[in-house]
Amino acid sequence: MLRAMHYSPLVNHLNEAPVSDESSDEEDKECETCRSTGANEISSKSDLSAENTCRPPGISNEDSCEPILTEESKVLLGEQIKQISMHFPPRLTACTWTLEYSTMKHGTSLRTLYRSMHGLDCSTFIVIKDTDGQVFGAFCSSPLRVSDCFYGTGETFLFSFSPELQVFKWTSENSFFVKGNLDSFAFGGGRGIFGLWLDGDLYHGRSHTCDTFNNNILSKTEDFFVHVMEVWALK
């Protein structure tokens, strides 16, 4: 009985102790602050992860239409990639570029290039840097392939950085867009000349003004030699 009486005042005192509303409110605010801070940290990490998407060097994260490359181009700079991609059909302005063929990785062989295109069903982008340092090439609405006649669509175009970008679109004069065999392939034609022509070794090429694109000579001289060539699939 004495033991019970000894502890009773303490129990009663604890039961009667008032709980401070201010203390409770402060704890709730601290919890909300912690949750808010944690959410902001997670959001910031997500934003950083999104910013680290494989974009070409020189292209800002603020750009609304940004191509994404699966690997770095050895020919084009980031700003050049951005400039040329603006001339793609609207469906491809922010597409993914996949490197399907490169003379640095796969050697200089047109047959190998054709094999790398097997099974693809998408537009392709060909870019060349010649031994004079000139950069030029072509956009094609389909993969490169062996053909008995010209193929392609009016979306096909030629381009050159000399040093500023020049793009040569279809003139509607003819439909000689692209043609390839095991010995060579060519873009544009008319009157026996081609806008861009390459031999079977992908080493020697020529460029002339052609009716299909009414282009300037893409290289510094009509005959050129390939230093690096890349073919990208655009998906």
Side-chain angles (χ1 to χ4, degrees), residues 67-76 81 84-85 87-89 91-92 95-131 134-160 167-170 174-190 192-208 210 212-213 215 218-219 222-235:
I68 298 174
L69 278 65
T70 56
E71 55 189 285
E72 184 181 357
S73 172
K74 303 301 183 184
V75 179
L76 292 173
I81 292 170
I84 195 65
S85 65
H87 294 275
F88 291 167
R91 68 182 185 278
L92 296 174
C95 67
T96 298
W97 295 31
T98 303
L99 185 62
E100 298 292 342
Y101 176 83
S102 166
T103 53
M104 294 183 70
K105 294 176 64 174
H106 305 101
T108 55
S109 168
L110 183 55
R111 292 173 183 263
T112 302
L113 189 159
Y114 287 142
R115 283 195 294 270
S116 71
M117 299 285 101
H118 182 71
L120 292 179
D121 184 20
C122 60
S123 300
T124 48
F125 179 71
I126 298 90
V127 59
I128 297 165
K129 185 175 185 179
D130 67 13
T131 52
Q134 187 85 342
V135 175
F136 52 91
F139 169 86
C140 182
S141 57
S142 61
L144 299 176
R145 64 177 188 268
V146 176
S147 61
D148 294 327
C149 57
F150 282 92
Y151 62 93
T153 70
E155 293 179 333
T156 309
F157 65 78
L158 300 177
F159 73 92
S160 175
V167 175
F168 306 99
K169 299 290 184 78
W170 181 39
N174 59 44
S175 299
F176 300 159
F177 300 115
V178 192
K179 183 180 180 181
N181 54 41
L182 296 178
D183 298 319
S184 65
F185 78 88
F187 286 85
I193 56 178
F194 304 108
L196 176 61
W197 175 91
L198 279 168
D199 68 4
D201 294 326
L202 301 180
Y203 178 65
H204 176 224
R206 293 194 186 98
S207 178
H208 297 92
C210 69
T212 313
F213 303 110
N215 57 286
L218 304 179
S219 45
E222 292 183 352
D223 287 83
F224 64 86
F225 296 95
V226 175
H227 177 57
V228 184
M229 175 177 169
E230 297 175 345
V231 181
W232 298 82
L234 308 178
K235 303 174 183 178

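The residues of the chain are indexed from 1 along the displayed sequence.
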If I take atom [atom1] from residue [X] and atom [atom2] from residue [Y], how far apart are they, to the nearest 0.5 angstrom?
X      : Y      : atom1 : atom2 : value
Ser147 : Phe185 : OG    : CZ    : 11.5 Å
Lys129 : Ser219 : NZ    : OG    : 15.0 Å
Met229 : Thr103 : CE    : OG1   : 8.0 Å
Ser184 : Lys179 : OG    : NZ    : 8.5 Å
Leu144 : Tyr101 : CG    : OH    : 11.0 Å
Thr108 : Tyr203 : OG1   : OH    : 9.5 Å

Q. Does the ring center of Phe187 lie less than 6.0 Å from the ring center of Phe194?
A. no
(Q) Before we go on, tell me: are the rings of Phe159 and Phe139 under 6.0 Å apart, centre to centre? (A) no
Do you know the tightest heavy-atom contact between [X] and [Y]?
X      : Y      : value
Trp97  : Pro67  : NE1-CB, 3.4 Å
Leu218 : Gln134 : O-NE2, 3.1 Å
Asn181 : Val146 : CA-CG1, 4.2 Å
Leu92  : Leu234 : CD2-O, 4.1 Å
Phe176 : Gly190 : CD1-N, 3.7 Å
Trp232 : Thr70  : CZ3-OG1, 4.3 Å

Q: Mind checking side-chain hydrogen bond (donor to acceptor under 3.5 Å, both in side chains) for Thr156 and listing every partner two or more places apart, or none if nothing turns up?
A: none
Q.
Checking Ser102 now: which residues fulfil side chain to side chain contact (heavy atoms under 4.5 Å, CB included) with it, not counting sequence neighbours?
A. Leu99, Met104, Lys105, His106, Glu230
Q: Might you work through the side-chain contact (heavy atoms from CB on, under 4.5 Å) test for Phe136 and Leu196, ending with a clear yes or no?
A: CA-CA 10 Å; Phe136 52 91; Leu196 176 61; 4.0 Å; yes
Q. Is there a donor-acceptor pair closer than 3.5 Å between any side-chain N or O of Asp223 and the backbone N or O of His204?
A. no
Q: Please confirm whether the backbone N or O of Gly189 pairs with a side-chain atom of Thr212, one donor and one acceptor, at under 3.5 Å?
A: yes
Q.
With a 6.0 Å cut-off (strictly less than), is the heavy-atom count around NE2 of His87, excluding the residue itself, greater than 12?
A. yes
Q) Is there a side-chain contact (heavy atoms from CB on, under 4.5 Å) between Asn215 and Ser207 once you walk through the steps? A) CA-CA 9 Å; Asn215 57 286; Ser207 178; 4.2 Å; yes
Q) Do the ring planes of Phe177 and Trp170 sit parallel (below 30°), tilted (30 to 60°) or perpendicular (above 60°)? A) perpendicular
Q | Phe150 and Ser175, any side-chain heavy atoms less than 4.5 Å apart | A | no
Q: Run the numbers on Asp130 and Phe225 for side-chain contact (heavy atoms from CB on, under 4.5 Å), then give the verdict.
A: CA-CA 5 Å; Asp130 67 13; Phe225 296 95; 6.0 Å; no
Q. For the side chain to side chain contact (heavy atoms under 4.5 Å, CB included) test, which of Leu198, Leu202, Thr131 pairs with Val226?
A. Leu198
Tabulate below the donor-acceptor pairs under 3.5 Å that side-chain atoms of residues 115-127 make, not counting sequence neighbours, or state none.
from: Arg115; atom 1: NH2; to: Thr112; atom 2: OG1; distance (Å): 3.2
from: Ser116; atom 1: OG; to: Leu113; atom 2: O; distance (Å): 2.5
from: Thr124; atom 1: OG1; to: Ser142; atom 2: O; distance (Å): 2.8

